[in-house]
Amino acid sequence: MKKFLIVSGIVLSVLFLWLALKDVNFTDVSTAFANANLFLIIPLLLCNAVFYWLRAIRWSDILSPRYDISAAKLTPSLMAGAAGNNLLPVHAGEVVRIYLAGSQFNISNATVLASLVVERLMDMLAVLLIFSAATLIGDYPAAMTAAGSALLLFVFVVATICTLIVLYIDASVQFIRHRLKWPAEKLRHKIADQMINLADGLSLLKEKKLLIKVIINSLVQWLLLAACVYFSFLAFDINADFWLAVVVVGLIVVGLTLPTVPGFFGTIEYCFVLGLTAAGIDPSLAISAGIFYHIPQWFGVTVVGLVIAHLNSFSFNKISTELQN
């Protein structure tokens, strides 16, 4: 399965890179970079740094009902995991993050995994929310507006399901384990165990102030990433509003759920081209903005993650060996 995901990631990344480059005039790309405002890399990287700091704060908040671990203490695991995603295939950086946090703070892998599942859920809801708002506020085709309305409904349904899981977890687990006749008993118990882990991670739903804090944090995170995209627009004097940057972020998030090569090369660039060309932007400018957005972030996150890993005696090779045992 792992080999299949790696091969699929390579194939998809090559396909996305070809789709991103097939209509590009490389002379125009060279000209675009020659005339670009490269100083905008500074606010782009600053927004990216705040993005990761907010992720550490949110992770601390998600764990806080059971563990009192500060954002500063969680940052090394977070950044090492982010560097791992840039260097290892099939999002293996998340495995690094689970291992490091679990071993450093004596937390079970299941608990750390549950916190990451909650993170992804919050990310999904936040991105869908701002993406829906962008499609409804921006001047986009009727089909995109309809998609935005449908996504808003989807956010509401998922939020309702998560609330019900927390409120009725005991009854739900008992029903799955003892009353369902299908699937097989072993699989039913696994599903029930995962629901318990998810409910444990979602326990913050019981604390309204903490939940509101996590939701606001998630929204600000993704608006900051949209700001990074918007700075890449400004660098090349692309005539597009902030809401189009939000749409591009939404496409990137969808793209990154697919198997990719380490660092997500090809996928992010194609999301830029897909989003900007739909708004009438020249593909050469679109790919230029995508490169401007992607490369500095990849380099910055990778270097910071590796330095932090080294300072904290984290070894990717050691982790990989222990995980295989």
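Positions are given from 1, in the same order as the sequence printed here.
The number of heavy-atom neighbours closer than 6.0 Å to CG of Asn35, taken from other residues, nucleotides and ligands shown, is above 12.
Side chains of Phe236 and Phe33 form a contact here, defined as non-hydrogen atoms less than 4.5 Å apart. For the pair Phe292/Ile41, a side-chain contact is recorded, criterion being any heavy-atom separation below 4.5 Å from C-beta on. The closest side-chain heavy-atom distance from Leu211 to Met122 is below 4.5 Å.
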### Task
Mind running ring pair (Phe, Tyr, Trp, His ring centres under 6.0 Å) on Phe51 and Trp222 for me, showing each step along the way?
CA-CA 8 Å; Phe51 169 81; Trp222 291 101; 5.5 Å; yes

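When atom types are taken as modelled, the side chain of Ser60 and the backbone of Ile69 share a donor-acceptor pair closer than 3.5 angstrom. Judged by distance alone, with hydrogens and angles left aside, the side-chain atoms of Asn85 form a donor-acceptor pair with the main-chain N or O of Gly93 at under 3.5 Å. In this structure, Ser13 contributes its side chain and Ile10 its backbone to no donor-acceptor pair below 3.5 Å. With hydrogens and angles ignored, the 3.5 Å screen pairs no side-chain donor or acceptor of Ser30 with any backbone N or O of Thr27. Using modelled atom types, one side-chain atom of Ser284 and one backbone atom of Asn25 make a donor-acceptor pair closer than 3.5 Å.
Sorted by first and then second residue, the side chain to side chain donor-acceptor pair (under 3.5 Å) pairs with a member in residues 45-59 read Asn48-Gln297, Arg55-Asp123, Arg55-Gln221, Arg58-Asp123, Arg58-Ser218, Trp59-Ser115; sequence neighbours excluded.
Under the 30°/60° scheme for interplanar angles, the aromatic rings of Phe272 and Phe233 are found to stand perpendicular. Ring pair Trp298/Phe265 is tilted by interplanar angle, where 30° to 60° counts as tilted.
Here the CD atom belonging to Glu119 is positioned 11.0 Å from the CG atom belonging to Leu113, to the nearest 0.5 angstrom.
Under the 4.5 Å side-chain heavy-atom criterion for grouping Ile, Leu, Val, Met, Phe, Trp and Tyr, Leu129 is connected to Val246 within one hydrophobic cluster.
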